[in-house]
Structures are given as C-alpha cells and as structure tokens.
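What follows is one structure encoded as structure tokens, with my remarks underneath.
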Amino acid sequence: MAAAPPALSWALPLLAALAGAGGPQSFELPGAPIDNIEVSSGGVLVAGGSCLYELRPELRLRHRVVPAAAGQVCGEPPGMRSNLLLPYVEAGGKGVLLAGWTQKDGTCEVWEQPAYRQRFNRSEVVSCLPDGSTAGVVFQLAGAWYLAVAATYSTGSYGNYLGCEPSQSDKATVITVRSMNNLESKEELGIIKRKDEPLHFVDALQWGDHLFFPYYTLKARAGNSTEPPSMAVLRQLRPSEGGLTLQGHVYLDCGCRTLIVSSSLVRQGERGWWVGVFLYKQDAKAWNATAVCIFGMEEMKEQACASKHFVMNGNSCVSLGIVLLRVCPKLPTLIHSGLVAVYGTVVLNQIVLFLGTDDGQLLKAILNEDMESNCPEILYEIKEETSVFPKLRLDPVDNNYIYLSSANKVRRIPVANCSRYISEQECLSVKDPYCGWCSLTQRCTLKENCTRSNSIKGWYNISHAPDKDLKIQLSFPARNQVCNPVLCMFVYCGLKCVILSLIAASLLLSPCYMYYIHSIEPLWISTLGKSEITVKGENFTRASGIKLILTGITGCKPDIIKVRNVLNDTQMTFALPPTRKEAKSICIQANGKKCSPPMTLHYVSPPSCLAITPNTSWISGGRKITTIGRNFNVVDSVIISDDQRSNLTVSLNLLYNTKYRPLDGLGFVLKKENDNLNISKTEVEVYLSYMNGAQTKKIWFSVQNITKKPDRSTILCKFKREGTDKIDFSTVKVFDLSVLQCLYSESFSDSFLAAFIVTRYKSKELTRKQSQQLELLEYEIRKEIREGFAELQMDELDVVDSFGTVPFLDYKHFALRTFFPESGGFASIFSEDMPQSRDQTSKDESFNMLHALICNKNFLVTLIHTLEKQKNFSVKDRCLFASFLTIALQTKLVYLTHILEVLTKDLMEQSSNVQPKLLLRRTESVVEKLLTNWMSVCLSGFLRETIGEPFYLLVTTLNQRINKGPVDAITCKALYTLNEDWLLWQVSEFKTTVNIIFEKIPENESGDACQTIQVNVLDCDTIGQAKEKSLQAFLNKNGFLYGLQLDEIGLELVSEEQQRELLDIDGSSEVMEDGIRKLNTIGHYEISNGATIKVFKKKVTTRSDMDYSDEHCHLILPDSEANKDVKGAGHKGKQKFKVKEMYLTKLLSTKVAIHSVVEKLFRSIWSLPNNKAPVAIKYFFDFLDAQAESKKITDPDVVHIWKTNSLPLRFWVNILKNPQFVFDIKKTSHIDGCLSVIAQAFMDAFSLAEQTLGKEAPTNKLLYAKDIPHYKEEVKAYYKAIRDLPPLTTSEVEEFLTQESKKHENEFNENVALNEIYRYIAKYHEEIDSKLERERGFEDVQKQLRQVKALFDEKKKCKWI
C-alpha cells in the first residue's frame, strides 16, 4: 500500500502571498459601460446603463439612483446615456447635483444630496444625440447660481437626429446660460448661436469672470478639414448687463492635429493652464497620432478676438471691418500614439499629468520648469486592455488616489508607487513630487505615510524651497499683434506637414548617391522584443554606421540599435529589445546624416489565448480548432508540446486518454473515458505500427461498433493481417490527456505554444483505485485553489448599513461584567438589597465606619500592601478586592484616582530594579486590576458614544459572514472563519433559497396577518439552523423580533402532496455504523430551490434544536464514515479526500470581507475626535510621561510600553474579545475564536517588536502581516498626538471625575462591596493590626479598625452577615 500524499506545505505561503494581492479597489457597473464620471466632496458619481451610482471614496456603493427620464430599472430605455454631471454646494453646505441625459430631448434633472430628492427636471437642456456633445459648468454670480452649457443640438448633414431634432429656431443654438432655479433659456442671460458649421464641445471651464469652451468642427471629425480646434472665450455679465457675452475664439494649434479628445484645467493660485489631448484624424494608429499641448488661461483670454464659428452677441476686438482670427501655435509637450485622457494637478510646485491610453494604461508625467516632460511612468495597466474613459479624477478625500475608468469598471489607483525605490538616492533622483524619503522608517513613501512628515528632517524630497510660482515658458504673441490670419494658418499647417513629408521621403548619404527605405517587417511585435526584423530598401551596402533609432513617448530615452547584419544591397536586419507597450517611431540613420522617414512600430502585449474551440480531438488529427485571443499578429508559429517528443511545429493534434491491448491476435478493444465528442464510427481510424527489420509497417483496423457505458466507452476493432510477419504486442503505452491551455513562450523567438500538460502516474505499486483517488485529489486541489482565488477577487459581503438600535447594556451590567469577568455570581448580589436590620442605626454605623476607614488614604494603601504580602492572598483575591474597592468608591472617583496614582508609583518602585518594561503587563496586583476597572468607569461614555456602533457592526458582520457558509451544528466550526482552529474543511457549500411564511401570532402585536420572506439557507443547514436564519431574516426585514423563541417555533414544508414538519431528528434520520445519528438538513428533506416553508407555533415547547450530545453528528462525520463509498451525485470511488490546507484561503476571504469594518473599529479607537482625547486617557498618559521623566528614563520605548500595557492591553483587548460586556448579546465560542485573532492583530499594532514571519508562522499572524506595519505607524501617531495636546489642569480632571461619580450614584449596593472588603480584613486582621502597630501615626486608625471589627462581630452573632 502506497503512503498517503504529503501535506500541502505550500498552502501557508500561498495564504501569505495572497494577503497582499487584492488588486486596486474597484466598482463594476452591472452590464453597462460608463457614460460619465465626476467627483463630489464626499465621493464619486458614476453614470451608466441609464442609472447613476454614488460611491464612497473607496468605491463602495452608497446610493443607486434611477432618473425620472429612464424606466423603472437600470438599462431602460436602451441607448440612454448621461452626458452631464455637475455637483456643487449651495450656501449652508447643501449638496446639489445636476445630471443631463440624452432621453426625452435632452433632459436635465436637479437633485438634492444626499437623499437625491428631485427638485425638478427640464428637457431640451443637453444634447439628445447619441454622439452629440454636451459640456457645462455651474457658477455663482451675485449670490445666484447659473448653468452655462454648450451642446451639439443639431449636427446638420453629419448625423441622424433619431427623433430629437430641435425646433428650427433652436438649431443654431450652441451655448446658453440658465438659472439653476428653473433651467430656462433666456435672452437676457445669454444665448450664443453658431454659424453654418456644427460644432463638438469637449469641456467647459470657468476662469475668473470668463468661461472657456474647447471645441472642434464636425467637419474636422469627418476628416474633411485641416482646421485646428478652438477655444471659445465668453465673459460673465449680470443679466442686467446682457448676460453671457462672446468675446471670440482662438485657434489651438498642436502640430496640425484637428481633434481634442480630453481636457483638464490646472490651477495654481492666480496662474492657470489648460491641458488638452489632441488627435490626428486618421484611421491607422501612428506613433505621433496624439499629443499633449498646454496653453495659458490668461494668454488665451487676451488673444480671443472675433469668431468664424459664432454669431457675435457683444463687442469684440474687430476694428475697421477687418476680421483677423488669432492662432496660438504650440509645440507639443508630449507625443504618444494613443492618448485618450488627461488630468493635471500641481504638487510641490510641479505640474503632474495623469494620462490614459486607448490600450488601458495609466501614465504619470512630471513636467519641469520649462514644461518638459520626464519619461512617463506606467502607474497601472488594465488587463483587458480596454480604452481609458476620457475623464480622470482625483479622489476628493485622499488626493493620493486617482479614479481610472474603462468599459464598465472604475478603479481607484494610487498616484505613486514610492515603495519601488529602495535607496534614498533612487527615491530622490526620480524627482516624483509625491515621493520622499522618510528618515524614521528609512523608506521611500508618500508624505502622509511618514510619521514625522511635517518635519523637513522627517520627510524630504526634491523640493524643500518655499512655495513659488512655476517658471513656465509659454510663447504667445503680444496683445496687439496678429498671430496668423485664418487663411494663412491653413496654408501654414498644410505646407509644414507637406515639407516634413518631402524631407522624410529620402535620405542623402553623399553628394553622389542616396539610399531609400521601402519597408520594415514586421511592424507589430510583442513587448518582449524581437530577435530579427528585416529592413528592405536600396543602396545598403554603400552605407556605414547604420543605426536604427526607436523613439517612444516624449521624455523617454530613444533606443539606438546597431545593424545586426547587412544581407545585401536591399536587405538588412536588426534585433529589437523589449520595451513598454506603445507605438514607437522607427527610422534608419547612416553616416551621421538625418534619419529616414519615420515609420510606426507597434509594441503590443504578448498574445493571450482566451478560448480554444473545440478543446478536444483524436490522436489522428483532422479536427479543425479555432483559437480566440488577442495580438495573434505577433505570433510566429503554433507548437504542440508532447512529453514523448520534442516540440514540433505541426497542425493541431491531440491525444485521447486511452488504453489499448491485443485481443486474441484478431482485433483490438479500445477503452476510453467518456467525453463530449460523440464520436461516430466513421471518425475513428486505428492502426498498429510495428518494426519489421529496419522498416516500419502499419496494420489498419476497421471499427465494428462503439459501446458507451456510464463511465467509459469500448471501441471494438477488427483487422486482417497481411503477410506472415510476427508482431510484438509487448509494449503498451498509456496517454492521459489533461487540460488544454494556451501559453505564450516568453523566449526571444516569440513563438506561440498551445500545450497539453500531461501528468503521468507510473508507480507500479499503486492500484487502479488508488490512481483514481490521486487523480480526484489533484482535481479537488486545483478546483478549491481556483475557487478560493476567485472568491478573494470577486466575493463581497453585503454589510447592512442600518442594523437598528445597538443593544447596549446599561452601565451597571457593563461594569459588573468588566469587574467580574469570571465570577458571574457577583452580578446578582450587587443587584439585590441588603437585609434590613431592626437596629438600622447600628447597621449604618458599621458600614459608615468601614467606609470612613477606607477613605483614609494612608490606611487603604497600607491595607493593600499588607494583603498583597500574604502568601494565600491569591491573584483571584487581588482582582476581587480591587473590584469591590472600585464599587465601594464609585461615588468618590477623585479619591480613587489618588489611590491609583500612589499604588502605581509604588509598583514602579518594585519593578524598576528588575525590568521597567514589564510594568502593568500582567494582572498580578491590586493596582493593575484597579487600573482596568478605573479605565472601564472613565471610558464607559466614550465606549458607548464612539466605539459602540463600529464594534457592534463588526460582531454583526462577522456573524453574517460565518453563517454565509456551512456551520457544523455540533462543533460550531464553519467554512468562513478567521481562526484556523474553527475552520470547517470537510464539506462543500450549496445554496438554496426558500420562502418562509410567518403566521400571525398573539405574541407579535406589530406583525401583519401573515408574511412571506425569502431566506437564504444552505443544503447542509440543519433544521435548527434554518430556524435561526428565518428568525434573523424576519428581524432584518421588520426591525422587530417575531415574538417566539427558537424552541417555541417549528417549520413545516408546504407542498401540494402533503404538509410535513421538519425536524432535526426524526424517523428518517440517518444512523451511522457507530450508532451516531446524523442531524437532518435541508438537503436531507430534498427541499428544492424556491420551496415554501411555514413557521408555526409549537403546542409543546421542546429542547433547543442546537442542544445535542456526542451521539449526534452533522457535517463532521465519525472516522468510521469518512472513507465510505459515495453513492450518487456523479461521484465515483471513495469520499472526496480533503486536506485542511486547501481551505486556508477561506480565512483570507473572511478577513477581506470584514476588513473595512475592522479598520473602522481600530481607527475609531486610536483616533482623536475633534482633536480631543478622552480625559482619562490624556490624564493617565501624562502621568506616565511625568513618572518616566522623574525617574530619568530616557528610552522612549519604555513609556510606549507603559501606555500600551495600561490602555490597549488592560482595557481595549478585554472589550474586543468580549462584546457581551458591552451589548446584550450571546457570544458563541466561534465568535470568541475570531475576535481573538482580531484582538491579536490589534495588540500587534501597539507592539514595538518587529515581526519576522516564516512559512510555518501561525495563520492568525499571517492574516494581518501586511497590515500591521501600517497600523503601527498610526498608533505611534496616536500616542504622539495625545502627548502634543495641552496638559489638563487639576480642576479639569477633578471636574470630569466628579461628574462621572454623580452619574453612577445609587447604581450599586455599596454595602455589599464593603461587606466583601471586610471579609478580607477579618481574614487577615492579625497581620493588618500588627502592621498598623509597627507603623507610626496609625494609633487612631488602629482604634477605628478594632471598633469596626467589634461592630461586625456583633452583627455576625445576630446573623446579619
């Protein structure tokens, strides 16, 4: 018998690796592309599929809005899209959103945020054309809000109106100003009309008291014009002064490019620049197809004069009847083959441009003082290579992120990847204004990620100088100087391009001859490079010093490549290096002369195979196979890989999983596993190849029949031997065909590999069943790992935003549970009144004297020290005494705080000679427990007001996540958990949705007569678990409980045949071999998806369905059942063999699902609301700082550890692990295990020790390994912020403590606490009395103590105590 396969040791490092591989945050529109995107003060607005989605900054859905112009659901009507999103904030902070839609003649809707209450909507505001343009800006003038909108209402002969043709009088209207009160277009506000040529508007910008609209003509888009784009400039005037007035337009010349595809306004103080992406109108993608040009706002405003495209409605600069239009030529700042989006900003006095490409890249370019770009960095690449949406926007809350939209998905991308730079020199040399060197961590980071970023020595980068205006060199004509008349400009632009082409047509090598370049092949290669490209032309052998110059995007260093081989006078070859994905300019240079005419060389991603159809065939070949994928034009060849032969470039031939053997020398029986080919007899050809001497001969077989059985097929073949040759049948070959995959060979030869990965198990010791078992195990491992990975990327937990009222415990029960976590009996005695005495005066006198005695500071301190020296005064006694003392002095917190100070100082004296870092680390003294209780009392209000809601959300979310998957009813282990010890890995998950009918019951007065609720249960849920989920679903829907407990309700399956009660145990329950009964499940009763189950009130209350002994099982079967044969369900052989490590990704998926909730809780704990720390924390931290200073402790780590031991370790961890201390809930053992993992991560954040984790580290450490360093930085900042706050005065502290004391008056029966304190005094009375006798100044105290003892002894005789 072969040994079992080894444990999957790779699972733990896989878990650790996946912990940081979540990818960027993203949001995907359901089935519709993105039409528009904009940011508001609190998040992101995304439109698509006729719906609007408001997202939180981290791209979690906050609202979905269906506009009135659409149907009832998203996606209706088809073709409707958003062409305008303009959020703004009115006086008083009220948010308003204007949204334009192509439906209903171009409707605009105005909503009030955040509730999205519609104020009104108006049609014919924006363009209703599918490809019509709309650009708008909202501005304020004299306290009123206005909308200036430019739109293509009519396209003339360039498009189809599709039923949205405007009235004849409005066809020429292109720009209007409308009041935000009603969006009506009025002459006094401003109406601008075009002349004959339809226009396409790209953007709308406000700069000072002017509005700017970049645009181009539809004639240019059609390719029928070389006229450059323009910038229309309008002045804002009051309605009484004529409203919006056209000043004119100025041509924007960016190297003869006629279209604008994206626009951005860059502001810095009083300076402003407009950045545009310009495009040639041409079908082929050339290396210089797009360019970025930058124009100054003030210069364009000054140059705007007259207009060829608009009907002027105001005064212009035209004089003497001469119309001279201004042209502002610019050299491109950056040239690229496929730019489609731009966003500009200023960071540390440097302009930073974020650029999107048509193949899914996000680039970042940094401009110097002369407006020259560096080599743009690739920030992110979209795997699908879909084109970037023209609008890029920065995160409005955290400017260190930018939103990248493409197709139907928006992603949140970091603006810098500083961590890629290892050394300080590398960090500073890249000159990225976002990145700097953090001296504290010795890493290259964003400024916000460095703790001491406000100090120059703490974080520094390329700029330390004070803010100064950028030195921008923009060349514009003088105000009174005419740039170029329009007619001249056209000639200039056309002539310039023609001249360039003529110069590039040939290259002179000498006065005697010249050489020509005819072609370069191939012009499409992958980013891995190409070992050989061929250049064809003339006169190559006469040239010397031949070089190929490869130039990409502006700012990047060109590649200069020497010729590899001059084959003859007409051909030569070069080897091209690997490089980034883009179209590059390629030219040939020789003899130091000018370069040949540039051609476009396309570097594309390596080819990817998305599908192969069909993916199975037979060994003899002949089946046509279609491969679907990307960039196949860079494939050189297709190769079949076979482990018995070397790689061969052949047609596509596949091998079957077959076994063949001889049959009586007369035929063959071919056995094969079933597949989906449905082969007929005519498709199968069988022959036998054998050696006859040195010759290879074949014997052909005819297929008689094909018999198909449930697990395999048998093919009977007959043959007739010719000749008398002997045939050797001894060699039998077995071929196992696995998954067909498409792989790209990353070799320099750029070959494409369609490979068959063939796994062979050749061990002779394994039986056939063992081999099948191993194959099944391998399949299960592959399946579970792939599903686990997919779950990490795709699975999301729908956290309920509103979970009703948080069930806080009242203060008394909160305090009792924190004071006595392991002594539940004290909760009842402190809730009861003491027995009343006949002699009330005597009774009061005994407790009053004892209370007065413990209010003597010297006596109380001496008492505590004396008790702690007694050997049998255990740790439990110390904790109980501290809690009794806290209750007895609940109304004297000022005095209790003084005692705490004295005892803490004494404890410091005890531990200072040994190890100061151990102070307050454990709970082994009265003062340590006293500190815990004091924190609980003083922070109870802060806990309830600030921490309670995120903490309850965490517990609720964790419960919801655990119950999403299978949970074993006996052991409480679950598939989804944070704790490996509670991981259920023996079962797969199946979901079923059932309808639950809740009957009207007297106990539920708020309920309707009858309710039907959809409840998500699993096939493997027990009936008791289904009940729990049903009651929870009722609570979630209605906001109140059903009115019956779990053991008071029953479930009944409603069907046409019969009504059947569902029970965890009944006569149909399965009984195992060991007599153990398996609990019934939803699957046991064969309840189908969508079935109806009725909840009814039981006549007789039975025990809880979840209360079962060891004689029952649920999902975890007894060992005797684990290896039983599985019947049905298509499984063969033994029970599926599983190993725990296969499911470790479930821990990570659970962590990812609740991660945002955990971080919200952590940050609510270590943040300072309104820059104020709770009084108790500020006071005690300052006390610790003062003690360290007085003891001349200079090690900052010591004070950090003191603070950590006194607050997070002593208080917060106790709360995090015990939600039942704060809320009226029941904590299960499973929840306790998960909260322990979170609490461990919480404490690791406060630790100063560096974690060094290996592959064998515990999973609870690996889960948060990537997060802990970030948390540590936040904790250090938290401690520093508290230390930097102004110190509290004595009166402020005492006022706070006095108020807290008043809040808790009459909460507890203090006499019970005094009685328990006296029990300890009585037990050690002799030792205490002896101590007082030895000390000076305690004579009166000693007498009082003896009087107290006498009074209590008298009570004891009367059985009062």
Side-chain angles (χ1 to χ4, degrees), residues 448 451-455 811 814-815 818 893-894 896-898 900-901 904 919-920 928 930-951 1159-1190 1193 1196-1216 1222 1239 1242-1243 1245-1248 1270-1304:
E448 288 75 8
T451 304
R452 300 176 181 173
S453 58
N454 292 328
S455 167
Y811 173 79
F814 162 75
T818 53
L893 285 180
V894 175
L896 183 63
T897 305
H898 290 321
L900 180 64
E901 285 186 8
T904 304
L919 180 72
L920 302 174
E928 288 170 309
L930 196 63
L931 175 58
T932 301
N933 295 346
W934 184 83
M935 286 289 186
S936 300
V937 173
C938 295
L939 293 179
S940 60
F942 177 74
L943 174 61
R944 190 182 184 98
E945 296 167 6
T946 306
I947 311 301
E949 184 172 326
F951 187 26
E1159 288 202 335
K1160 181 180 180 181
L1161 172 60
F1162 283 5
R1163 284 166 182 153
S1164 65
I1165 291 175
W1166 60 54
S1167 62
L1168 301 181
N1170 301 320
N1171 201 29
K1172 290 183 179 180
V1175 174
I1177 297 176
K1178 173 62 177 172
Y1179 155 77
F1180 199 78
F1181 278 17
D1182 285 357
F1183 168 75
L1184 294 176
D1185 288 332
Q1187 294 308 305
E1189 185 176 354
S1190 66
I1193 296 176
D1197 290 356
V1198 172
V1199 182
H1200 180 100
I1201 293 172
W1202 284 0
K1203 294 176 180 179
T1204 299
N1205 291 346
S1206 63
L1207 180 63
L1209 179 63
R1210 192 148 302 284
F1211 177 73
W1212 286 125
V1213 166
N1214 195 31
I1215 296 297
L1216 292 181
V1222 185
F1242 179 83
M1243 279 312 303
F1246 287 85
S1247 173
L1248 293 173
H1270 303 295
Y1271 294 163
K1272 285 186 175 184
E1273 296 301 324
E1274 294 179 17
V1275 166
K1276 291 178 182 177
Y1278 170 65
Y1279 279 2
K1280 181 180 182 299
I1282 294 177
R1283 187 175 64 249
D1284 294 341
L1285 290 175
L1288 298 171
T1289 62
T1290 303
S1291 60
E1292 288 177 330
V1293 176
E1294 291 183 353
E1295 181 182 0
F1296 166 78
L1297 295 173
T1298 302
Q1299 290 177 355
E1300 290 297 314
S1301 297
K1302 291 180 180 179
K1303 289 180 185 177
H1304 310 315

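For Lys1178, the side chain to side chain donor-acceptor pair (under 3.5 Å) criterion is met by Asp1182, not counting sequence neighbours. Contacts of Trp1166 classified as ring pair (Phe, Tyr, Trp, His ring centres under 6.0 Å), with partners at least two apart in sequence or in another chain: Phe1162, Phe1242, Phe1246, Tyr1271. Partners of Phe1211 according to the ring pair (Phe, Tyr, Trp, His ring centres under 6.0 Å) rule, which considers only residues two or more places apart in sequence or in another chain, do not exist here. Partners of Asp1284 under the side chain to side chain donor-acceptor pair (under 3.5 Å) rule, at least two apart in sequence or in another chain, are Lys1280. For Thr1204, the side chain to side chain donor-acceptor pair (under 3.5 Å) partners two or more places apart in sequence, or in a different chain, are Tyr1279. By the salt bridge (charged side-chain N to carboxylate O under 4.0 Å, His left out) test, Arg1163 is found to be paired with Glu1159, Glu1274, residues two or more places apart in sequence or in another chain being considered. Legend: residues meeting salt bridge (charged side-chain N to carboxylate O under 4.0 Å, His left out) with Glu901, ordered by chain and number and at least two apart, are absent. Scored by the side chain to side chain donor-acceptor pair (under 3.5 Å) test, Lys1160 finds no partners at all (sequence neighbours excluded). Residues that satisfy the ring pair (Phe, Tyr, Trp, His ring centres under 6.0 Å) test with Phe814, not counting sequence neighbours, are absent from this structure. For Glu1300, the salt bridge (charged side-chain N to carboxylate O under 4.0 Å, His left out) partners two or more places apart in sequence, or in a different chain, are Lys1303.
Annotation for Leu1168 and Ala1281: closest pair CD1-CB, 3.5 Å, computed over non-hydrogen atoms. Between Ser1206 and Arg1210, the shortest heavy-atom contact is O-CB, 3.3 Å. Here the closest non-hydrogen pair linking Lys1272 and Leu1248 is NZ-C, 4.5 Å. Taking both residues in full, the closest heavy atoms of Thr946 and Pro1169 are given as CG2-CG, 4.4 Å, listed atom of the first, atom of the second, then distance.
Counting heavy atoms from C-beta outward, Phe942 and Val1175 have side chains that stay 4.5 Å or more apart. Annotation: side chain of Val894 is not in contact with side chain of Ser1301 (no heavy-atom distance under 4.5 Å). With contacts defined as side-chain heavy-atom distances shorter than 4.5 Å, the pair Ile1282/Ile1177 qualifies. You'll find the side chain of Ile1215 reaches within 4.5 Å of the side chain of Val1222, heavy atoms only. Contact of the Leu1207 side chain with the Phe1180 side chain is not registered, since no non-hydrogen atoms from C-beta on lie closer than 4.5 Å. Contact annotation: the side chain of Tyr1179 never approaches that of Leu1297 to less than 4.5 Å [non-hydrogen atoms, C-beta and beyond]. The side-chain heavy atoms of Leu1161 and Ile947, taken from C-beta on, include a pair separated by under 4.5 Å. Side chains of Leu920 and Leu1209 form no contact here, defined as non-hydrogen atoms less than 4.5 Å apart.
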Going through the checks in order, is the side chain to side chain contact (heavy atoms under 4.5 Å, CB included) test met by Ile1201 and Leu919? CA-CA 8 Å; Ile1201 293 172; Leu919 180 72; over 6 Å; no
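Sorted by first and then second residue, the salt bridge (Lys or Arg N to Asp or Glu O under 4.0 Å) pairs involving residues 938-947 (not counting sequence neighbours) form an empty list.
The line from CD of Glu928 to OG1 of Thr904 is 9.0 Å long, rounded to the nearest 0.5 Å.
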Between side-chain atoms of residues 934-941 and protein atoms elsewhere (two or more places apart, or another chain), which donor-acceptor pairs fall under 3.5 Å?
unit_1	atom_1	unit_2	atom_2	d
Trp934	NE1	Thr897	OG1	3.0
Ser936	OG	Thr932	O	3.0
Ser940	OG	Val937	O	3.0

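Counting non-hydrogen atoms of other residues, nucleotides and ligands closer than 6.0 Å to CD of Glu1189 gives a total of 12 or fewer.
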